[in-house]
Amino acid sequence: MPLVKLFANLRKIAGTKEASIAGASVETVVSELVKRYPTLAENLLENGQIRPHVIITKNGHPTTAKDMPVTEEDEIAIFPPIAGG
Amino acid sequence: MNGWNGKILEIDLTTLTHKAYPLDMEMARQFVGGRGLGARLLWDLVGPDVDPLSPENVLIFTNGPLTGTGYQTSNRFSVTTKSPLTGTVLDANSGGFWGMQFKKTGFDVMIVRGKAKAPIWIEIKNEVVTFHDASDLWGMRVFALTEKLGQNNNKRNVLCIGPAGENLSRIAAIMNDRERAMARGGPGAVMGTKNLKAIVVEGNERPDVADKEQFKFMLYETRKLLAASPLTSQALPEFGTVVLMNIMNNIGALATRNHQQTQFEGAEAISGEELTEKYLVKNAACWACPIGCTRISKTDKVEGEGPEFETTWAFGAQCGIDDLAAIIEVNSLCNDLGIDTISAGSCISWAMEAFEKGALTLEDTDGIELRFGNAEAKVVTAAGIRRIHEGPIRRTQALRVALE
(Lines give C-alpha, C1' and ligand atoms only; values in the text may rest on other atoms or scores of the structure.)
Protein backbone atom coordinates (compact mmCIF):
# COMPACT_ATOMS: atom_id res chain seq x y z
CA MET A 1 0.00 0.00 0.00
CA PRO A 2 1.17 3.59 -0.53
CA LEU A 3 2.89 5.07 2.50
CA VAL A 4 1.39 8.34 3.73
CA LYS A 5 3.60 10.64 5.81
CA LEU A 6 2.11 13.46 7.87
CA PHE A 7 3.87 16.62 9.02
CA ALA A 8 3.57 19.51 11.50
CA ASN A 9 0.27 19.65 13.41
CA LEU A 10 -1.27 16.92 11.23
CA ARG A 11 0.78 14.42 13.25
CA LYS A 12 -0.71 15.52 16.54
CA ILE A 13 -4.20 15.60 15.09
CA ALA A 14 -3.93 12.08 13.65
CA GLY A 15 -1.81 10.73 16.49
CA THR A 16 0.68 9.23 14.04
CA LYS A 17 3.55 10.25 11.75
CA GLU A 18 2.74 7.81 8.95
CA ALA A 19 0.37 5.11 7.82
CA SER A 20 -0.04 2.68 4.93
CA ILE A 21 -3.27 3.64 3.18
CA ALA A 22 -4.92 1.91 0.25
CA GLY A 23 -5.87 3.96 -2.78
CA ALA A 24 -5.26 4.29 -6.50
CA SER A 25 -5.16 8.10 -6.68
CA VAL A 26 -4.15 10.99 -4.46
CA GLU A 27 -7.81 11.77 -3.82
CA THR A 28 -8.74 8.25 -2.77
CA VAL A 29 -5.68 7.94 -0.54
CA VAL A 30 -6.61 11.17 1.25
CA SER A 31 -10.22 10.03 1.50
CA GLU A 32 -9.20 6.69 3.02
CA LEU A 33 -6.77 8.48 5.34
CA VAL A 34 -9.57 10.66 6.70
CA LYS A 35 -11.80 7.62 7.17
CA ARG A 36 -9.12 6.04 9.33
CA TYR A 37 -8.26 9.29 11.13
CA PRO A 38 -11.50 11.32 11.15
CA THR A 39 -9.93 14.13 13.19
CA LEU A 40 -7.95 15.09 10.07
CA ALA A 41 -11.11 15.95 8.15
CA GLU A 42 -11.27 19.58 9.23
CA ASN A 43 -7.67 20.26 8.21
CA LEU A 44 -7.62 18.31 4.95
CA LEU A 45 -11.12 18.55 3.49
CA GLU A 46 -13.63 21.25 2.63
CA ASN A 47 -17.03 20.15 1.29
CA GLY A 48 -15.57 16.71 0.67
CA GLN A 49 -12.71 18.05 -1.45
CA ILE A 50 -9.01 18.42 -0.56
CA ARG A 51 -8.49 21.94 0.78
CA PRO A 52 -6.56 24.10 -1.69
CA HIS A 53 -3.90 25.14 0.83
CA VAL A 54 -2.96 21.56 1.77
CA ILE A 55 0.42 20.63 0.27
CA ILE A 56 0.71 17.11 -1.11
CA THR A 57 3.77 15.55 -2.68
CA LYS A 58 4.16 12.17 -4.40
CA ASN A 59 7.70 10.85 -4.07
CA GLY A 60 8.90 14.39 -3.42
CA HIS A 61 7.08 16.01 -6.33
CA PRO A 62 4.35 18.50 -5.39
CA THR A 63 1.03 17.67 -6.99
CA THR A 64 -2.31 19.44 -7.22
CA ALA A 65 -3.88 16.79 -9.43
CA LYS A 66 -6.40 14.93 -7.29
CA ASP A 67 -6.62 12.12 -9.82
CA MET A 68 -2.85 11.61 -9.90
CA PRO A 69 -2.37 7.81 -9.95
CA VAL A 70 -0.73 6.25 -6.91
CA THR A 71 0.99 2.85 -6.84
CA GLU A 72 1.79 0.48 -4.01
CA GLU A 73 5.38 1.76 -3.80
CA ASP A 74 4.61 5.47 -3.76
CA GLU A 75 5.17 7.77 -0.81
CA ILE A 76 2.60 10.50 -0.26
CA ALA A 77 3.59 13.38 2.02
CA ILE A 78 0.94 15.74 3.37
CA PHE A 79 1.76 19.15 4.83
CA PRO A 80 -0.43 21.93 6.19
CA PRO A 81 0.31 25.43 4.82
CA ILE A 82 3.92 26.18 5.70
CA ALA A 83 6.08 29.27 5.34
CA GLY A 84 8.73 31.16 7.25
CA GLY A 85 12.45 31.74 7.29
CA MET B 1 1.52 62.37 10.26
CA ASN B 2 0.54 59.09 8.55
CA GLY B 3 2.75 56.89 10.68
CA TRP B 4 5.90 58.96 10.29
CA ASN B 5 7.44 61.21 12.91
CA GLY B 6 8.98 63.31 10.14
CA LYS B 7 12.45 63.55 11.69
CA ILE B 8 15.97 62.31 11.03
CA LEU B 9 18.57 62.08 13.81
CA GLU B 10 22.14 62.41 12.58
CA ILE B 11 25.02 61.52 14.86
CA ASP B 12 28.69 62.29 14.19
CA LEU B 13 30.88 60.01 16.26
CA THR B 14 34.09 61.82 15.35
CA THR B 15 32.91 65.03 17.04
CA LEU B 16 30.37 63.41 19.39
CA THR B 17 27.68 65.79 18.17
CA HIS B 18 24.20 65.29 16.84
CA LYS B 19 21.49 67.18 15.01
CA ALA B 20 17.88 66.61 14.02
CA TYR B 21 16.25 67.72 10.80
CA PRO B 22 13.04 67.05 8.87
CA LEU B 23 12.62 63.87 6.88
CA ASP B 24 11.97 64.61 3.22
CA MET B 25 8.41 63.31 3.11
CA GLU B 26 8.37 63.10 -0.67
CA MET B 27 11.41 60.82 -0.47
CA ALA B 28 9.74 58.78 2.29
CA ARG B 29 6.66 58.29 0.12
CA GLN B 30 8.67 57.40 -2.97
CA PHE B 31 10.95 54.93 -1.21
CA VAL B 32 8.44 53.55 1.26
CA GLY B 33 9.57 51.36 4.15
CA GLY B 34 12.77 51.14 6.12
CA ARG B 35 14.62 49.31 3.39
CA GLY B 36 13.68 51.69 0.59
CA LEU B 37 14.38 54.81 2.55
CA GLY B 38 17.71 53.46 3.82
CA ALA B 39 18.89 52.59 0.31
CA ARG B 40 17.87 56.01 -1.00
CA LEU B 41 19.72 57.83 1.78
CA LEU B 42 22.81 55.67 1.34
CA TRP B 43 22.88 56.61 -2.34
CA ASP B 44 23.51 60.24 -1.39
CA LEU B 45 25.81 59.60 1.54
CA VAL B 46 28.28 56.91 0.45
CA GLY B 47 30.02 56.71 -2.91
CA PRO B 48 31.93 53.91 -4.63
CA ASP B 49 35.26 55.23 -3.31
CA VAL B 50 34.33 54.73 0.36
CA ASP B 51 35.93 51.82 2.24
CA PRO B 52 33.14 50.07 4.21
CA LEU B 53 35.34 49.97 7.31
CA SER B 54 36.36 53.62 7.12
CA PRO B 55 34.83 56.50 9.10
CA GLU B 56 33.28 57.74 5.83
CA ASN B 57 30.86 54.83 5.75
CA VAL B 58 27.55 55.42 7.54
CA LEU B 59 25.07 53.30 9.43
CA ILE B 60 21.46 54.20 8.63
CA PHE B 61 18.77 52.83 10.94
CA THR B 62 15.28 53.21 9.47
CA ASN B 63 11.71 52.45 10.36
CA GLY B 64 8.80 52.20 7.98
CA PRO B 65 5.56 54.17 8.39
CA LEU B 66 3.80 51.23 10.07
CA THR B 67 6.53 50.45 12.60
CA GLY B 68 5.33 51.16 16.11
CA THR B 69 1.74 51.93 15.12
CA GLY B 70 0.44 48.75 16.70
CA TYR B 71 -0.60 47.19 13.41
CA GLN B 72 -0.02 43.43 13.54
CA THR B 73 3.69 42.55 13.13
CA SER B 74 4.67 46.24 12.85
CA ASN B 75 7.94 45.70 14.70
CA ARG B 76 10.61 45.39 12.03
CA PHE B 77 13.32 47.93 11.28
CA SER B 78 16.31 48.09 8.95
CA VAL B 79 19.96 48.98 8.92
CA THR B 80 21.56 50.07 5.66
CA THR B 81 25.27 50.55 5.08
CA LYS B 82 28.06 49.64 2.69
CA SER B 83 28.93 46.01 3.34
CA PRO B 84 32.44 45.06 4.43
CA LEU B 85 31.67 41.57 3.12
CA THR B 86 30.49 42.39 -0.39
CA GLY B 87 31.58 46.01 -0.91
CA THR B 88 28.09 46.94 -2.04
CA VAL B 89 24.77 47.92 -0.49
CA LEU B 90 23.87 46.06 2.67
CA ASP B 91 20.36 45.96 4.07
CA ALA B 92 19.56 43.87 7.12
CA ASN B 93 16.39 43.95 9.17
CA SER B 94 15.15 42.64 12.45
CA GLY B 95 12.04 42.22 14.57
CA GLY B 96 11.79 42.31 18.32
CA PHE B 97 11.10 45.60 20.11
CA TRP B 98 13.92 48.03 19.31
CA GLY B 99 12.38 49.40 16.09
CA MET B 100 9.11 50.22 17.82
CA GLN B 101 10.96 51.87 20.70
CA PHE B 102 13.13 53.94 18.34
CA LYS B 103 9.95 55.19 16.66
CA LYS B 104 8.73 56.25 20.10
CA THR B 105 11.78 58.47 20.61
CA GLY B 106 10.32 60.76 17.95
CA PHE B 107 12.60 59.90 15.04
CA ASP B 108 12.16 57.79 11.91
CA VAL B 109 15.78 57.56 10.81
CA MET B 110 19.15 57.59 12.56
CA ILE B 111 22.29 58.22 10.50
CA VAL B 112 25.58 57.43 12.27
CA ARG B 113 28.73 58.96 10.76
CA GLY B 114 32.42 59.07 11.63
CA LYS B 115 34.39 57.16 14.22
CA ALA B 116 34.67 57.68 17.96
CA LYS B 117 38.18 58.05 19.38
CA ALA B 118 37.38 55.50 22.09
CA PRO B 119 34.54 53.02 22.64
CA ILE B 120 31.21 54.70 23.37
CA TRP B 121 27.55 53.82 23.65
CA ILE B 122 24.62 56.09 22.83
CA GLU B 123 21.45 56.57 24.83
CA ILE B 124 18.39 58.20 23.23
CA LYS B 125 15.54 59.12 25.56
CA ASN B 126 12.77 60.67 23.55
CA GLU B 127 14.76 63.25 21.58
CA VAL B 128 17.62 63.63 24.09
CA VAL B 129 20.89 62.04 22.94
CA THR B 130 23.67 61.18 25.40
CA PHE B 131 27.11 59.74 24.66
CA HIS B 132 28.55 57.37 27.28
CA ASP B 133 32.04 55.95 27.70
CA ALA B 134 32.01 52.24 26.78
CA SER B 135 35.59 51.35 27.68
CA ASP B 136 34.41 49.04 30.41
CA LEU B 137 31.86 47.43 28.08
CA TRP B 138 34.25 46.69 25.21
CA GLY B 139 34.75 42.95 24.98
CA MET B 140 31.45 42.10 26.61
CA ARG B 141 29.25 39.51 25.04
CA VAL B 142 25.75 40.39 23.91
CA PHE B 143 23.59 38.75 26.59
CA ALA B 144 25.42 40.25 29.55
CA LEU B 145 25.68 43.67 27.89
CA THR B 146 21.99 43.75 26.99
CA GLU B 147 21.08 43.05 30.59
CA LYS B 148 23.62 45.54 31.96
CA LEU B 149 22.24 48.36 29.82
CA GLY B 150 18.73 47.80 31.13
CA GLN B 151 16.81 45.94 28.44
CA ASN B 152 13.08 46.10 29.17
CA ASN B 153 11.04 44.95 26.22
CA ASN B 154 8.29 47.54 26.28
CA LYS B 155 10.20 50.46 27.80
CA ARG B 156 13.92 50.42 27.03
CA ASN B 157 15.63 48.51 24.27
CA VAL B 158 19.24 47.66 23.62
CA LEU B 159 20.96 47.28 20.25
CA CYS B 160 24.64 46.31 20.34
CA ILE B 161 27.57 44.41 18.94
CA GLY B 162 29.45 41.54 20.53
CA PRO B 163 33.09 40.49 20.24
CA ALA B 164 32.58 39.58 16.55
CA GLY B 165 31.75 43.17 15.66
CA GLU B 166 34.62 44.52 17.73
CA ASN B 167 37.00 42.14 15.91
CA LEU B 168 35.64 43.43 12.57
CA SER B 169 34.46 40.02 11.44
CA ARG B 170 32.88 40.49 8.05
CA ILE B 171 29.97 38.33 9.13
CA ALA B 172 29.35 40.17 12.42
CA ALA B 173 25.75 41.03 13.24
CA ILE B 174 24.16 43.96 15.00
CA MET B 175 22.05 42.41 17.76
CA ASN B 176 18.91 43.87 19.31
CA ASP B 177 16.71 42.83 22.22
CA ARG B 178 19.30 40.18 23.21
CA GLU B 179 18.78 37.55 20.51
CA ARG B 180 17.51 39.38 17.44
CA ALA B 181 20.01 39.88 14.65
CA MET B 182 20.55 42.25 11.74
CA ALA B 183 23.07 40.00 10.28
CA ARG B 184 23.87 39.38 6.61
CA GLY B 185 26.75 41.35 5.12
CA GLY B 186 28.57 42.30 8.31
CA PRO B 187 26.85 45.41 9.71
CA GLY B 188 28.34 44.55 13.12
CA ALA B 189 31.82 45.16 11.73
CA VAL B 190 30.81 48.65 10.55
CA MET B 191 29.54 49.43 14.05
CA GLY B 192 32.73 47.96 15.52
CA THR B 193 35.04 50.02 13.37
CA LYS B 194 33.20 53.13 14.55
CA ASN B 195 33.92 52.17 18.19
CA LEU B 196 30.17 52.11 18.80
CA LYS B 197 29.23 49.34 21.23
CA ALA B 198 25.51 49.97 21.77
CA ILE B 199 22.50 52.19 21.10
CA VAL B 200 19.82 52.22 23.78
CA VAL B 201 16.40 53.77 23.10
CA GLU B 202 13.56 54.87 25.32
CA GLY B 203 10.56 56.90 24.25
CA ASN B 204 6.91 57.66 24.76
CA GLU B 205 5.87 59.23 21.47
CA ARG B 206 3.20 57.20 19.71
CA PRO B 207 3.13 57.55 15.92
CA ASP B 208 -0.14 58.92 14.64
CA VAL B 209 -2.16 57.51 11.77
CA ALA B 210 -4.14 59.36 9.12
CA ASP B 211 -7.52 57.74 9.77
CA LYS B 212 -7.92 56.25 13.23
CA GLU B 213 -11.28 54.60 12.57
CA GLN B 214 -10.15 52.97 9.36
CA PHE B 215 -6.95 51.88 11.09
CA LYS B 216 -8.95 50.19 13.87
CA PHE B 217 -11.08 48.46 11.27
CA MET B 218 -7.98 47.14 9.50
CA LEU B 219 -6.57 45.90 12.82
CA TYR B 220 -9.80 43.99 13.39
CA GLU B 221 -9.86 42.52 9.89
CA THR B 222 -6.20 41.51 10.02
CA ARG B 223 -6.70 39.85 13.39
CA LYS B 224 -9.48 37.75 11.86
CA LEU B 225 -7.33 36.78 8.88
CA LEU B 226 -4.37 35.75 11.03
CA ALA B 227 -6.61 33.71 13.33
CA ALA B 228 -8.28 31.96 10.40
CA SER B 229 -5.09 30.99 8.59
CA PRO B 230 -3.67 27.56 9.51
CA LEU B 231 -0.22 28.99 8.81
CA THR B 232 -0.33 31.87 11.27
CA SER B 233 -2.60 30.26 13.85
CA GLN B 234 -1.14 26.73 13.86
CA ALA B 235 2.07 25.90 11.96
CA LEU B 236 4.18 28.92 12.92
CA PRO B 237 3.11 29.22 16.58
CA GLU B 238 3.47 25.47 17.16
CA PHE B 239 6.65 24.74 15.25
CA GLY B 240 8.36 28.05 14.43
CA THR B 241 10.06 28.72 11.11
CA VAL B 242 11.91 25.39 11.38
CA VAL B 243 8.62 23.84 10.26
CA LEU B 244 10.08 24.37 6.79
CA MET B 245 12.77 21.70 7.28
CA ASN B 246 10.78 18.60 6.36
CA ILE B 247 9.04 20.04 3.33
CA MET B 248 12.27 21.50 1.93
CA ASN B 249 13.86 18.10 2.35
CA ASN B 250 10.87 16.26 0.91
CA ILE B 251 10.90 18.21 -2.34
CA GLY B 252 14.69 18.09 -2.67
CA ALA B 253 15.31 21.77 -1.99
CA LEU B 254 17.37 21.46 1.20
CA ALA B 255 20.97 22.36 0.36
CA THR B 256 23.11 19.76 2.12
CA ARG B 257 26.85 19.38 2.81
CA ASN B 258 27.79 22.72 1.31
CA HIS B 259 25.27 22.44 -1.52
CA GLN B 260 26.65 19.11 -2.74
CA GLN B 261 23.27 17.42 -2.18
CA THR B 262 19.65 18.50 -2.05
CA GLN B 263 18.31 16.21 0.64
CA PHE B 264 19.60 15.47 4.14
CA GLU B 265 18.99 12.07 5.71
CA GLY B 266 18.98 13.72 9.14
CA ALA B 267 16.32 16.34 8.33
CA GLU B 268 13.65 14.83 10.57
CA ALA B 269 16.03 14.97 13.54
CA ILE B 270 16.50 18.73 13.11
CA SER B 271 12.91 19.55 12.12
CA GLY B 272 10.43 21.91 13.73
CA GLU B 273 8.45 18.90 14.89
CA GLU B 274 11.50 17.53 16.73
CA LEU B 275 12.29 20.97 18.18
CA THR B 276 8.78 21.30 19.59
CA GLU B 277 8.74 17.77 20.99
CA LYS B 278 12.13 17.76 22.71
CA TYR B 279 13.45 21.29 23.29
CA LEU B 280 10.65 23.86 23.24
CA VAL B 281 9.97 25.61 26.54
CA LYS B 282 7.37 28.00 25.09
CA ASN B 283 6.80 30.24 22.12
CA ALA B 284 7.21 34.01 22.22
CA ALA B 285 6.49 36.97 19.97
CA CYS B 286 7.93 40.22 18.72
CA TRP B 287 6.09 43.43 19.54
CA ALA B 288 2.50 43.61 18.24
CA CYS B 289 2.69 40.15 16.72
CA PRO B 290 -0.12 37.69 17.45
CA ILE B 291 1.63 34.83 15.60
CA GLY B 292 4.44 34.06 18.04
CA CYS B 293 6.81 32.00 15.87
CA THR B 294 9.76 32.66 18.22
CA ARG B 295 11.04 29.52 19.94
CA ILE B 296 12.29 29.55 23.52
CA SER B 297 14.41 26.42 23.47
CA LYS B 298 16.35 24.66 26.18
CA THR B 299 19.12 22.07 26.25
CA ASP B 300 21.28 20.90 29.14
CA LYS B 301 23.60 23.83 28.46
CA VAL B 302 21.57 26.80 27.19
CA GLU B 303 18.12 28.35 27.17
CA GLY B 304 17.11 31.12 24.80
CA GLU B 305 15.50 32.21 21.56
CA GLY B 306 15.66 30.19 18.38
CA PRO B 307 16.83 28.54 16.35
CA GLU B 308 15.20 29.77 13.14
CA PHE B 309 14.97 27.64 10.00
CA GLU B 310 18.01 29.12 8.25
CA THR B 311 20.24 28.70 11.29
CA THR B 312 19.14 25.09 11.69
CA TRP B 313 19.74 24.52 8.00
CA ALA B 314 23.18 26.19 7.97
CA PHE B 315 24.57 24.36 11.00
CA GLY B 316 22.48 21.24 10.33
CA ALA B 317 22.03 20.04 6.76
CA GLN B 318 24.83 22.17 5.37
CA CYS B 319 27.30 20.79 7.90
CA GLY B 320 25.82 17.28 7.86
CA ILE B 321 24.93 17.60 11.55
CA ASP B 322 21.72 15.98 12.83
CA ASP B 323 22.23 16.89 16.49
CA LEU B 324 19.55 19.49 17.24
CA ALA B 325 20.83 20.19 20.76
CA ALA B 326 24.22 21.08 19.30
CA ILE B 327 22.57 23.41 16.80
CA ILE B 328 20.59 25.16 19.55
CA GLU B 329 23.80 25.63 21.52
CA VAL B 330 25.77 26.97 18.55
CA ASN B 331 22.90 29.34 17.74
CA SER B 332 23.07 30.68 21.28
CA LEU B 333 26.85 31.06 21.08
CA CYS B 334 26.62 32.98 17.81
CA ASN B 335 23.95 35.29 19.24
CA ASP B 336 26.05 35.94 22.33
CA LEU B 337 29.14 36.71 20.23
CA GLY B 338 27.11 38.77 17.73
CA ILE B 339 27.80 36.73 14.62
CA ASP B 340 25.50 35.84 11.72
CA THR B 341 24.43 32.22 12.15
CA ILE B 342 23.63 31.68 8.48
CA SER B 343 26.98 32.96 7.26
CA ALA B 344 28.88 31.12 10.02
CA GLY B 345 27.23 27.77 9.32
CA SER B 346 27.67 28.17 5.59
CA CYS B 347 31.34 29.11 5.92
CA ILE B 348 32.02 26.15 8.17
CA SER B 349 30.29 23.82 5.70
CA TRP B 350 32.59 25.22 3.01
CA ALA B 351 35.62 24.53 5.20
CA MET B 352 34.34 20.99 5.83
CA GLU B 353 34.16 20.30 2.11
CA ALA B 354 37.60 21.82 1.63
CA PHE B 355 38.96 19.56 4.40
CA GLU B 356 37.35 16.44 3.00
CA LYS B 357 38.77 17.17 -0.44
CA GLY B 358 42.25 17.82 0.91
CA ALA B 359 42.39 21.56 0.30
CA LEU B 360 42.66 22.04 4.07
CA THR B 361 44.67 19.76 6.34
CA LEU B 362 44.89 18.98 10.05
CA GLU B 363 47.72 21.48 10.19
CA ASP B 364 45.37 24.16 8.90
CA THR B 365 42.67 23.25 11.41
CA ASP B 366 44.84 22.93 14.51
CA GLY B 367 44.23 19.18 14.50
CA ILE B 368 40.44 19.36 14.15
CA GLU B 369 38.85 16.67 11.93
CA LEU B 370 36.66 19.12 10.08
CA ARG B 371 34.45 16.51 8.42
CA PHE B 372 30.75 16.74 7.67
CA GLY B 373 28.68 15.55 10.61
CA ASN B 374 31.41 13.61 12.36
CA ALA B 375 31.10 12.81 16.03
CA GLU B 376 33.03 15.91 16.96
CA ALA B 377 31.25 18.20 14.56
CA LYS B 378 29.25 20.02 17.20
CA VAL B 379 32.37 20.62 19.25
CA VAL B 380 34.31 21.61 16.17
CA THR B 381 31.67 24.10 15.16
CA ALA B 382 31.40 25.72 18.55
CA ALA B 383 35.10 25.71 19.23
CA GLY B 384 35.89 27.10 15.80
CA ILE B 385 33.57 30.03 16.21
CA ARG B 386 34.80 30.74 19.71
CA ARG B 387 38.41 30.71 18.60
CA ILE B 388 37.84 33.12 15.80
CA HIS B 389 35.87 35.62 17.78
CA GLU B 390 37.44 35.49 21.19
CA GLY B 391 40.96 34.39 20.45
CA PRO B 392 43.44 35.76 17.96
CA ILE B 393 41.47 36.11 14.75
CA ARG B 394 43.92 34.33 12.51
CA ARG B 395 44.75 31.39 14.75
CA THR B 396 42.59 28.80 13.05
CA GLN B 397 43.71 28.85 9.46
CA ALA B 398 40.84 26.78 8.07
CA LEU B 399 38.13 28.95 9.46
CA ARG B 400 40.07 32.10 8.74
CA VAL B 401 39.96 31.12 5.09
CA ALA B 402 36.27 30.35 5.36
CA LEU B 403 35.28 33.46 7.21
CA GLU B 404 37.48 36.00 5.52
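Side chains are part of it too, since the values below use all heavy atoms of this structure and drop only hydrogens, waters and symmetry mates. Protein chains get the first letters and strands the later ones, always in sequence-line order, with residue 1 at the start of each.
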Per-residue contact mode, A:Leu10 against chain B (heavy atom under 4.5 angstrom): neither
NE2-CG distance between A:His61 and B:Asn250, expressed to the nearest 0.5 angstrom: 10.0 Å
Per-residue contact mode, B:Leu236 against chain A (heavy atom under 4.5 angstrom): side chain
Working for side-chain contact (heavy atoms from CB on, under 4.5 Å), residues A:Phe7 and B:Met245: CA-CA 10 Å; A:Phe7 294 91; B:Met245 191 66 68; over 6 Å; no
Region of B:Glu268 that comes under 4.5 Å of a non-hydrogen atom in chain A: side chain
B:Val243 to A:Ala8 - nearest heavy-atom pair and separation: CG2-CB, 3.9 Å
Neighbours of chain B found in residues 12-42 of chain A - heavy atoms under 4.5 Å: A:Lys12, A:Lys17
pair A:Asn43-B:Pro230: side-chain heavy atoms closer than 4.5 Å: no
Minimum heavy-atom distance between B:Leu231 and A:Pro81, given as atom pair plus value: CD1-O, 3.7 Å
Residues, nucleotides or ligands: over 12 heavy atoms within 6.0 Å of B:Arg35 CZ: no
side-chain contact (heavy atoms from CB on, under 4.5 Å) between B:Asn246 and A:Phe79, intermediate numbers included: CA-CA 9 Å; B:Asn246 275 324; A:Phe79 300 85; 4.2 Å; yes
A:Asn9 CG to B:Glu238 CD distance, which is reported to the nearest 0.5 Å: 5.0 Å
